[in-house]
Colleague: 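Sharing a structure below in structure tokens format, with a few things to ask.
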Amino acid sequence: MSDEEFQADILSVSERMAAEALIVEVEGYEGPLDLLLTLSRTQKVDLRQISVLALAEQYLGFIEKARHLRIELAADYLVMAAWLAFLKSRLLLPPDPSEEGPSGEELAAHLAFQLERLQAMRDVAAKLMARDQKGRDFFVRGQVEVVERRRRITYTATLLDLMQGYARIRTRDEFRPFVMDRDSVMTLEEALDRMRGLIGFAGDWTDIMSYMPEGWETDPVRRRSATAANFAASLELAKAGAIEIRQGETFAPIQIRRKPND
Amino acid sequence: MTDDADTTETEIEESLFEAPPMGEQERMVEAVLFASAEPVTVAELTARMPHGSDPSEALVHLRKRYEGRGVNVVRVGDAYAIRTASDLGYLMQKETVEQKKLSRAAIETLAIIAYHQPVTRAEIEEIRGVSVSRGTVDQLIEMEWIRFGRRRMSPGRPVTFVVTQGFLDHFGLESARDLPGLKELRSAGLLESRPAPDAGVGEEESDDDDEGQSELFEE
Amino acid sequence: MTDDADTTETEIEESLFEAPPMGEQERMVEAVLFASAEPVTVAELTARMPHGSDPSEALVHLRKRYEGRGVNVVRVGDAYAIRTASDLGYLMQKETVEQKKLSRAAIETLAIIAYHQPVTRAEIEEIRGVSVSRGTVDQLIEMEWIRFGRRRMSPGRPVTFVVTQGFLDHFGLESARDLPGLKELRSAGLLESRPAPDAGVGEEESDDDDEGQSELFEE
């Protein structure tokens with residue numbers, strides 16, 4: 001890895017600017033796959049010829065830099081890093097015949113496929129939006145014909161009306177039609193769902209705070225709710241035997257990891 | 001669609017000063033009259049069309065073109081509009097239909113029937129917590145969104161209600177089973193509230209039973 | 001231009017029993033399509049026109065007649081509509097509808113639904129690598145560009161999403177088969193649901209019914 005310069009204790013102005021650029025970039029990505037796709041472009045080859053090994057190293061280098069710069073990365077970025085480190089070792093080490101599961105090549109091929117597919121969907125999305133659009137490039141009849149001859153009343157309702165009507169009854173008085181005020185609340189269920197998904201990837205002890213969903217760490221209300229929910233979810237998962245929890249001392253970071261299988 | 005793809009530099013330059021050919025002007029008038037919500041005056045056409053255009057002449061051509069067609073270019077005061085040929089007015093009966101939003105009571109009744117069919121009137125009232133007026137059910141039957149199902153084999157043999165094919169067509173559903181359950185409504189952001197304290201019930205309708213919507217009311 | 005202005009008494013009498021001449025049918029289709037802002041299905045045309053009419057054939061003539069004109073007859077799914085020629089859009093500033101700005105997430109989600117339909121929420125998330133935010137799906141449903149499709153016959157029977165006729169209409173597509181680049185994507189294998197080699201997180205329901213974007217829309 002060629003990032004010795006970031007190890008330096010004193011950062012030069014240009015390095016600080018680079019660091020800031022990095023922060024902006026991390027925030028600009030829609031998750032690790034998006035970041036990987038961007039990194040893959042620096043290889044300047046067709047996505048079909050991409051070197052997944054090189055890509056894994058690029059990604060790990062990127063994460064490493066971010067760590068050095070003390071940028072707080074969302075959990076899914078760290079999860080991806082752990083997985084890519086694992087993939088890298090699989091790709092580099094000679095295959096162990098006793099080992100279960102798919103080969104490094106298979107995993108790499110699937111990652112390449114995911115990247116190619118995501119890129120393809122972005123391309124067609126752009127093509128779609130570039131098409132002529134109704135109300136912008138072509139137009140409908142402005143004067144819909146009204147003939148006052150036979151007037152019949154029909155009643156209509158949309159699927160949304162129907163579903164909301166049903167929800168209104170089933171949730172009785174509690175129901176309020178689509179409001180945003182629970183936006184900043186993370187429920188235990190949501191936290192559990194999230195953590196169950198992520199914990200499978202996390203290799204080693206990770207700070208529970210790194211499981212904060214993206215965008216939630218800045219707003220104090222959201223941060224508080226997510227922290228509480230994540231903590232409660234960790235307890236649940238520990239109770240279920242899925243993870244282990246530790247804390248060095250009072251007020252030290254709470255760390256969790258997946259319970260080793262054996 | 002673009003006809004004149006390879007106009008030369010000079011032609012483009014000229015077109016800045018010359019009016020487009022009459023055939024093009026006619027197309028422009030046609031499109032504007034079609035898309036406009038109100039009859040359009042010649043002055044307005046002139047303002048909208050490229051400099052040097054002659055909408056009056058284009059209108060003469062266009063009116064001629066639509067003579068005897070299913071729609072005609074007609075003069076309304078000092079403006080122009082495209083209108084259905086008067087002899088075809090009878091085809092427009094469907095366009096005179098007036099649409100009204102279904103009442104809340106009717107929507108709720110319909111929703112209960114869709115989610116719980118076959119369901120009796122008493123059951124609908126139990127779920128809604130209020131009585132169902134005769135008019136509401138009649139209205140839904142008249143709209144052909146619900147119909148009578150099989151009679152329930154319980155005392156009094158009450159009739160049940162089910163939704164119709166017309167209902168499915170209207171709401172773009174393949175079957176009533178494709179209606180999303182509460183959980184899915186919530187995750188799609190269509191409702192926000194928690195289930196009421198008494199409602200562990202609300203979630204059960206990710207039905208694995210293949211017949212009927214739910215067994216809730218089966219005896 | 002008028003073809004059959006002076007039909008005789010006897011001809012009118014006959015027309016009570018026979019379908020009207022094709023020229024007349026074309027006029028009728030023309031009038032109905034002009035009168036409606038929404039696409040009209042062939043079935044609806046048949047229902048509105050005199051018994052024995054063949055709107056499909058009349059449509060062939062009508063489409064030809066409007067080729068290259070200021071307004072065109074376009075196909076939208078199994079329906080037809082008249083729309084202004086898109087090269088004349090610049091004349092229509094007054095009619096231009098303010099387009100809701102869609103987020104990148106919404107645009108990508110829409111594209112994934114269009115190209116992979118019927119597709120579940122989990123599959124969309126798998127492709128994008130991030131979860132689909134609340135509100136994104138909601139917004140697309142509200143715009144009437146997507147709707148619920150058939151439930152997937154896999155564990156949990158998740159709901160699927162498909163695009164609507166309104167989507168096709170908005171983007172000037174005859175059918176979902178005409179999506180730009182669809183063929184290339186399919187031959188590159190990018191529309192297959194390919195399970196991850198490990199039973200990794202969230203991948204499991206790339207179920208085996210590999211219908212994908214091929215046998216859709218035959219409703």
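What you are looking at is a predicted structure, and each value in this text was computed from that prediction instead of being measured. Every chain is numbered from 1 and lettered A, B, ... according to where its sequence line falls, protein lines coming before strand lines. All heavy atoms count here, side chains included; hydrogens, waters and symmetry mates do not.
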Colleague: For chain A, find which of Ala81(B), Ala35(B), Ala31(B), Ser103(B) contributes the most heavy-atom pairs closer than 4.5 angstrom.
Modeller: Ala35(B)
Colleague: Any chance the side chains of Arg41(A) and Gln119(A) put a donor and an acceptor closer than 3.5 Å?
Modeller: yes
Colleague: Side-chain contact test, heavy atoms from C-beta onward, threshold under 4.5 Å: evaluate it for Leu45(B) versus Val32(B) and give yes or no.
Modeller: yes
Colleague: Could you look at Glu142(B) and say if it's the side chain, the backbone, both or neither that has a heavy atom under 4.5 Å from chain A?
Modeller: neither
Colleague: Check Asp34(A) with Arg122(A), please: is the shortest side-chain N to carboxylate O separation under 4.0 Å?
Modeller: yes
Colleague: Select, from Leu110(B), Ile107(B), Ile112(B), the one with the greatest count of heavy-atom pairs under 4.5 Å involving chain A.
Modeller: Ile107(B)
Colleague: Give me the ring orientation class for Tyr166(A) and His116(B): parallel if the planes are under 30° apart, tilted from 30 to 60°, perpendicular past 60°.
Modeller: tilted
